[in-house]
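Below is one structure, written out as structure tokens, with a few remarks after it.
Predicted model only: the values in this text are computed from it and were never measured. Excluded from the calculations below are hydrogen atoms, water molecules and symmetry mates; all remaining heavy atoms, backbone and side chain alike, are included. One-based numbering along the sequence shown.
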Amino acid sequence: DQAAQHARREKGELLGQRMMEVYPGIEDTPLFEVLARCMATRTAARMPNEFVYPDGAKAWFELRVQPVPEGLFIMSLDITERKRAEAELHLQSAALNSADNAIVITDRAGVIEWANPAFTRLTGYTFAEVIGKNPRLLKSGRHEPAFYQSLWETILSGQVWRGETVNRRKDGSFYTENQTIAPVMDESGAITHFVAIKEDITERLQLQTQLHQAQKMGALGQLAGGVAHDFNNLITIIQ
């Protein structure tokens, strides 16, 4: 029944048919090379095989080949959903690794389980140096204990924490990051992990400070100019 379902044919239509008649295009796959080797060496084998149906639909099957006295016994397992899940995970992993912002995943206790390359560029610590460590190795000493206590109370309650944090790089230099920490929950709603997304805003804050200073100096210049103008008017009146 499963073989007929995989072939999208009635079971009676399969009996007496050659495999290439049941599965059009299968002769273009490595399957027959594997079958010939199993037959010649009398050894078992397994292989994934992508099959394209005549209507263009695709499916993945894991073929398990076992020699028997009469020939070969072939068992086909539909692994299409598994392949799709693997492809989705690969895409997600590639996206996280290529992200410009630093991303860190910790367990519920805060132990780092994964970090992307952007984390290394931001902090100077490699993945090998932080795996199994706590993010406290980045502490700058510029925040009171109450700051971190509030952070932990927020995420342990299942809420997302957002805020600015001053941290210390591996080389000892300080930087400011805009950080978002979100809890990850299992099917029962229990928190299992935390995901932190970190954006370096050090340069932006420096530019804002410079702009503020420039605006302040401009305002002082305008004030001084106004005072000088009034003083000149006063001198004119006195003269």
Side-chain angles (χ1 to χ4, degrees), residues 88-227:
E88 184 177 349
L89 287 174
H90 177 74
L91 177 61
Q92 292 174 353
S93 177
L96 291 174
N97 276 304
S98 62
D100 188 51
N101 290 339
I103 301 175
V104 180
I105 299 177
T106 74
D107 64 12
R108 196 177 190 278
V111 177
I112 297 175
E113 294 188 354
W114 185 86
N116 68 345
F119 176 83
T120 297
R121 295 194 296 269
L122 175 61
T123 68
Y125 289 100
T126 65
F127 175 78
E129 290 174 320
V130 299
I131 186 70
K133 303 291 181 60
N134 191 287
R136 68 172 62 96
L137 85 166
L138 300 174
K139 276 189 175 183
S140 63
R142 295 191 176 182
H143 297 286
E144 297 294 330
F147 174 85
Y148 298 103
Q149 181 179 351
S150 175
L151 185 158
W152 274 102
E153 289 177 352
T154 299
I155 60 178
L156 285 174
S157 68
Q159 302 179 60
V160 177
W161 184 89
R162 296 180 179 86
E164 294 182 4
T165 310
V166 178
N167 279 336
R168 186 196 304 266
R169 297 186 179 91
K170 182 180 178 180
D171 63 8
S173 61
F174 295 98
Y175 67 95
T176 303
E177 63 183 20
N178 190 3
Q179 185 175 194
T180 299
I181 305 177
V184 178
M185 303 179 185
D186 61 16
E187 295 179 353
S188 67
I191 297 174
T192 60
H193 294 80
F194 296 108
V195 177
I197 302 176
K198 303 166 174 287
E199 178 189 8
D200 186 359
I201 60 173
T202 307
E203 184 175 352
R204 184 198 307 169
L205 292 178
Q206 291 174 346
L207 291 175
Q208 289 177 351
T209 300
Q210 293 173 3
L211 177 61
H212 179 69
Q213 290 294 335
Q215 291 174 337
K216 184 163 52 174
M217 293 302 295
L220 289 175
Q222 291 178 352
L223 177 62
V227 170

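Scanning both residues, R169 and L122, for their nearest heavy atoms gives NE-O, 3.0 Å. Closest non-hydrogen pair, G110 versus P135, comes out as O-CD, 2.9 Å. Taking all atoms of both residues into account, the shortest heavy-atom contact from V166 to T176 is CG2-OG1, 3.8 Å. For the pair S150 and T154, the tightest heavy-atom approach, listed with the atom from each and the gap, is O-OG1, 2.9 Å. When all heavy atoms of A99 and N116 are compared, the closest pair comes out as O-ND2, 3.9 Å. The two atoms that bring I131 and A128 nearest to each other are CG2-O, 3.4 Å, heavy atoms only.
A heavy-atom distance below 4.5 Å is not found between the side chains of V130 and W114. Within the 4.5 Å cutoff, the side chain of I103 has heavy atoms near those of the V195 side chain.
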| request: Mind running side-chain contact (heavy atoms from CB on, under 4.5 Å) on I112 and N134 for me, showing each step along the way? | output: CA-CA 6 Å; I112 297 175; N134 191 287; over 6 Å; no

| request: Could you check E177 against T165 for side-chain hydrogen bond (donor to acceptor under 3.5 Å, both in side chains), going step by step and ending with a plain yes or no? | output: CA-CA 5 Å; E177 63 183 20; T165 310; 4.6 Å; no

| request: Given side-chain contact (heavy atoms from CB on, under 4.5 Å), test Q149 with E144 step by step and report yes or no. | output: CA-CA 9 Å; Q149 181 179 351; E144 297 294 330; over 6 Å; no

| Test log, rule side-chain contact (heavy atoms from CB on, under 4.5 Å), inputs E199 and R204 | CA-CA 11 Å; E199 178 189 8; R204 184 198 307 169; 2.8 Å; yes

| message | Would T126 and F119 count as a side-chain contact (heavy atoms from CB on, under 4.5 Å) here? Give the steps. | response | CA-CA 8 Å; T126 65; F119 176 83; over 6 Å; no

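Rounding to the nearest 0.5 Å gives a distance of 6.0 Å between NZ of K198 and CD1 of I181. From T106, atom OG1 reaches atom CD1 of I155 across 7.0 Å, with rounding to the nearest 0.5 Å. Between atom CE of residue M185 and atom CZ of residue R108 there is a gap of 9.5 Å, rounded to the nearest 0.5 Å. The CG atom of N167 sits 12.0 Å away from atom CD of E164, with the distance rounded to the nearest 0.5 Å. For the atom pair CZ of R168 and CZ of R142, the computed distance is 8.0 Å after rounding to the nearest 0.5 Å. Rounding to the nearest 0.5 angstrom, the gap separating the CG atom in N178 from the CZ atom in R162 is 9.5 Å.
The ring-ring contact (aromatic ring centres under 6.0 Å, His included) contacts involving residues 154-177 comprise F147-W161, where partners must be two or more places apart or lie in separate chains. Residue pairs meeting the ring-ring contact (aromatic ring centres under 6.0 Å, His included) criterion with at least one member in residues 179-200, sequence neighbours excluded, are W152-F194.
For Q92, the CD atom counts as densely surrounded, since its 6.0 Å shell holds more than 12 non-hydrogen atoms of other residues, nucleotides or ligands. No more than 12 heavy atoms of other residues, nucleotides or ligands sit less than 6.0 Å from atom CG of D100.
Ionic pairing of E113 and K133 is not present here: no N-O contact between side-chain nitrogen and carboxylate oxygen is shorter than 4.0 angstrom.
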